[in-house]
Structure formats: structure tokens, C-alpha cells
Colleague: 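Take a look at the following structure, please.
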Number of protein chains: 2
Amino acid sequence: MKIQLALDRLTISEAIRLTRLVESDIDWIEVGTSLIKEFGMESVREMKKAFPHKTILADTKTMDNAKYEAEISFTAGADIITVMGNAPKVTIETCIEMARTYQKRVMIDLLNTSSEQLKSLLTIEDAIFCLHISKDEQELSGKNEWKNSEIPAAYPTPSHTIAAAGGITIDSLSQLLAGGIDIAIIGSAITKAANPSEAARQFNQLAKGGVFINE
Amino acid sequence: MKIQLALDRLTISEAIRLTRLVESDIDWIEVGTSLIKEFGMESVREMKKAFPHKTILADTKTMDNAKYEAEISFTAGADIITVMGNAPKVTIETCIEMARTYQKRVMIDLLNTSSEQLKSLLTIEDAIFCLHISKDEQELSGKNEWKNSEIPAAYPTPSHTIAAAGGITIDSLSQLLAGGIDIAIIGSAITKAANPSEAARQFNQLAKGGVFINE
């Protein structure tokens, strides 16, 4: 299982500083939507420049204007962009086409995506599907538990690559691992930890098949 | 009827230059999603600085992290932000609360919003509801006609403020005007016109109740 570090509500220099602390224990770096909306593509460019050997995901949450958003993101250094699963189908398909052209990838964010919409997307074999409990659902609606029942509906075949995001802790990581999730997206459990590098080490140890013992 | 000028796929200085040409014939200025994702909140700040007396809409298309996105946008000078109608309900409600706190407004973008989702939103009397044919639907799926049948479903009571966006022309403006649309969002029909100020003048003349005669 890969660890994707989600960077949100930070300045670009804070994001770089934090990532340096945990670099060896994370696989992918997510330039969060908040960084993109606050600082634009400069945030993607700076993160790619600081971490050229890491996979950079730009959490664009594209809803429209897919060609343009894909172009500015891939050109800025993104290896993966995100598109909303509840965007018009043509927008999702265009992101996929653009990614194929640039030899990059797309993560489809399934936040508030109906099972009907999801069903029509599962033919896209090279996308990454992201199960997502949003920040607002966690922080404002109190939804923060990953239940086993939330996992299976999203991946009818093992050929899909599945990510999960939203309030993931060491405890829920074990469940997600058992559920076959390929990528765990971790934000504040690392970035707001008292000791981010130790937190990242614990997540990564568990993700890579080790057993984490809380000392 | 108000005219909202949508600025997309431009640099900030191009956006300022274009807006100066048409300033007297438009009511609201939309800092498009593409400007926000490319240049961040700098785009909102610069547009507000250049046009302090105009209403500035930041097309944030918020899907999550409502408090933060509202805060950075209103602080940068936005008078209105947008939230997706198909975002989690708590995200939409938080945008509305934030707007009330800042004495600003929210436009709910109804792109790919189900009638069930819309129904649950119509109790929010102070939001602006935006009927939206997306760029991708227009440019890639060939959907570009405003049909009368698309209008009524969205506003069961005349108390709601309704906007419409997506490929609006002088011809479709007449229909939208007859349908009771309060705000027409015009992008490329002005920004890509051979003569943007003349195009804006024509839209505005019709929007303000005059009759446009194509000479």
C-alpha cells in the first residue's frame, strides 16, 4: 500500500518543510486543493522542483474545463490530477484522454458520486478511484469512521486501483489495508502530528506490511 | 437582468485589460475557476484592486473545505463565491454561513446536480442558483442550446435569484430574459468577440430591457 501525503491549508514553504521531514516514509505528494486555489499552479511547480523524484498529485478536483486544467497541471509538474466522479462524463473522459497524451494519470474523486455514476466510470481501467470522506463531512458532520461496509461497493474487480481519503488513522489504516485499498491518503494525521516524521514512519511501516506496535 | 462577465483561460493582466474595455456594460466580474487554479487568490485580489466598485465573484466551485475556501476568497476581495450543488450538503451550508458572517453571497452551481439535491437546497433563500451548461458539455458534447424546457425546473418560486451560464448568445439571452433569469453569465461571447466592448454593449442593452437590433 502506498502512502499519499495530503498537503492542505499550508503555505508552499510550510508544505515543502513538512514534506522534507517525512519524505522517506511517503510515496506520493498531494498538492491539496487549498494550495492550488490559494497559490495557483506555482504550488505544483514548487513542489515538483523541491521533490523531482516523487510522484506529485495535483488535487484539482476538476468539474469542467478538463483540457485546460489538465494542461496547466501536467505542464506545472503534476504526475496525477483529480477529477470529480460527479462531474459531467465528458469532463472525466477528457481528463483521461489528456493523461494518456501526457503519459500521466487521473484519480477520480468519488465524493458524493452516485452508484449509478460510479458504475459508468468503472470501465476506465487506468484511472485511480478515490473513496473520499470530505474534510467538511469529518469536521462538521462528525463522519470520520471508515467502516468495512463503505469499502466493497467501490471496486467490483481487483483490477481497479483504489485510494481512500479522509481522517485515516493508524486504526483505520489496518482496515483499509485488509480491504485491499492500494493508496492511503493521509493529511492532518501526519501534518498536524506532534512529530510528523514519527507519524509518517508508523503509517508507512503498517502500509508496507509491517505490524505497528503502539509503544 | 444583470450581466456577469466570466473571465477564463486568460492571464490576470489580460483579464484586467479585457474588463476595462467592457466595464460600463457589465454588472459583475467573475474571476473564473481557471484563473483561480492557475494564479490562486492573487487573481481575485488583483481584480478587486483594479475594479473596487464592481461585484467580484470568485468561481471557486467549492466541493469541500468550505470554511477555508470562503475565508481566503472573501479576504482576497470576493463578494460572491461559488459552491457545487452536488457537493455534500454540509459544505454548501458552511459556505452560506460564512457568507452571512462576512456579509457576502454564495452562488450554488447546479452543474450535474440532481433534482433531489436541488430540492433540498431551495430552502436557502439567500443563495443565487446557477443553471450551468459546462464548457466541456458545450465544446466536447455539442450541448449549447438553452431550451425553454431547461429553465423552469430550477426555480419553483420567484423568490429565488437565478443565474444561467454556458454558451449564452444574444439569441439565447432573449429566451433567458423571458424565462425570468436574473443574471446572465457571459464568457467567450464577449471575451473572444472581435469587438468585446460592442458585444458587451449589445448584451447589456438587451439585458436592461432594450431591444437589440442586429444592424
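Just so it is clear: chains get the letters A, B, ... in the order the sequence lines come, proteins before strands, and each one is counted from 1.
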Colleague: At a 3.5 Å cut-off, give me the donor-acceptor pairs between chain A and chain B, one pair per line with the distance.
Modeller:
from     : atom 1 : to       : atom 2 : distance (Å)
A:Arg9   : NE     : B:Asn65  : OD1    : 3.0
A:Arg9   : NH2    : B:Asn65  : OD1    : 2.8
A:Lys37  : O      : B:Met41  : N      : 3.2
A:Lys37  : NZ     : B:Thr60  : O      : 2.6
A:Lys37  : NZ     : B:Glu69  : OE1    : 2.9
A:Lys37  : NZ     : B:Glu69  : OE2    : 3.3
A:Glu38  : O      : B:Met41  : N      : 3.1
A:Glu38  : OE1    : B:Tyr68  : OH     : 2.6
A:Met41  : N      : B:Lys37  : O      : 3.2
A:Met41  : N      : B:Glu38  : O      : 3.1
A:Thr60  : O      : B:Lys37  : NZ     : 2.6
A:Asp64  : OD1    : B:Lys135 : N      : 3.2
A:Asp64  : OD1    : B:Asp136 : N      : 2.9
A:Asp64  : OD2    : B:Lys135 : N      : 2.8
A:Asn65  : N      : B:Asp136 : OD1    : 3.3
A:Asn65  : N      : B:Asp136 : OD2    : 3.1
A:Asn65  : OD1    : B:Arg9   : NE     : 3.0
A:Asn65  : OD1    : B:Arg9   : NH2    : 2.8
A:Ala66  : N      : B:Asp136 : OD1    : 3.4
A:Ala66  : N      : B:Asp136 : OD2    : 3.0
A:Tyr68  : OH     : B:Glu38  : OE1    : 2.7
A:Glu69  : OE1    : B:Lys37  : NZ     : 2.8
A:Glu69  : OE2    : B:Lys37  : NZ     : 3.3
A:Asn86  : O      : B:Asn86  : ND2    : 3.1
A:Asn86  : O      : B:Asn112 : ND2    : 3.1
A:Asn86  : ND2    : B:Asn86  : O      : 3.1
A:Ala87  : O      : B:Asn112 : ND2    : 3.2
A:Thr91  : OG1    : B:Asp136 : OD2    : 2.8
A:Asn112 : ND2    : B:Asn86  : O      : 3.1
A:Asn112 : ND2    : B:Ala87  : O      : 3.2
A:Lys135 : N      : B:Asp64  : OD1    : 3.2
A:Lys135 : N      : B:Asp64  : OD2    : 2.8
A:Asp136 : N      : B:Asp64  : OD1    : 2.8
A:Asp136 : OD1    : B:Asn65  : N      : 3.3
A:Asp136 : OD1    : B:Ala66  : N      : 3.4
A:Asp136 : OD2    : B:Asn65  : N      : 3.1
A:Asp136 : OD2    : B:Ala66  : N      : 3.0
A:Asp136 : OD2    : B:Thr91  : OG1    : 2.8

Colleague: Check whether A:Leu140 gets within reach of chain B through its side chain, its backbone, both or neither, counting any heavy atom under 4.5 Å.
Modeller: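 Both backbone and side chain.
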
Colleague: What residue in B:Gly32, B:Gly40, B:Ala76, B:Ala87 has the most heavy-atom pairs under 4.5 Å with chain A?
Modeller: B:Gly40

Colleague: Find the distance between CE (B:Met84) and CE (A:Met63) and round it off to the nearest 0.5 Å.
Modeller: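 Interatomic distance, B:Met84 CE to A:Met63 CE, rounded to 0.5 Å: 3.5 Å.
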
Colleague: Measure distances from B:Ile36 to the heavy atoms of chain A and classify the residue's part below 4.5 Å as side chain, backbone, both or neither.
Modeller: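 Both parts, heavy atoms under 4.5 Å.
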
Colleague: Which atoms of A:Ala58 come close to chain B, meaning under 4.5 Å heavy atom to heavy atom: side chain ones, backbone ones, both, or neither?
Modeller: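 Neither part.
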
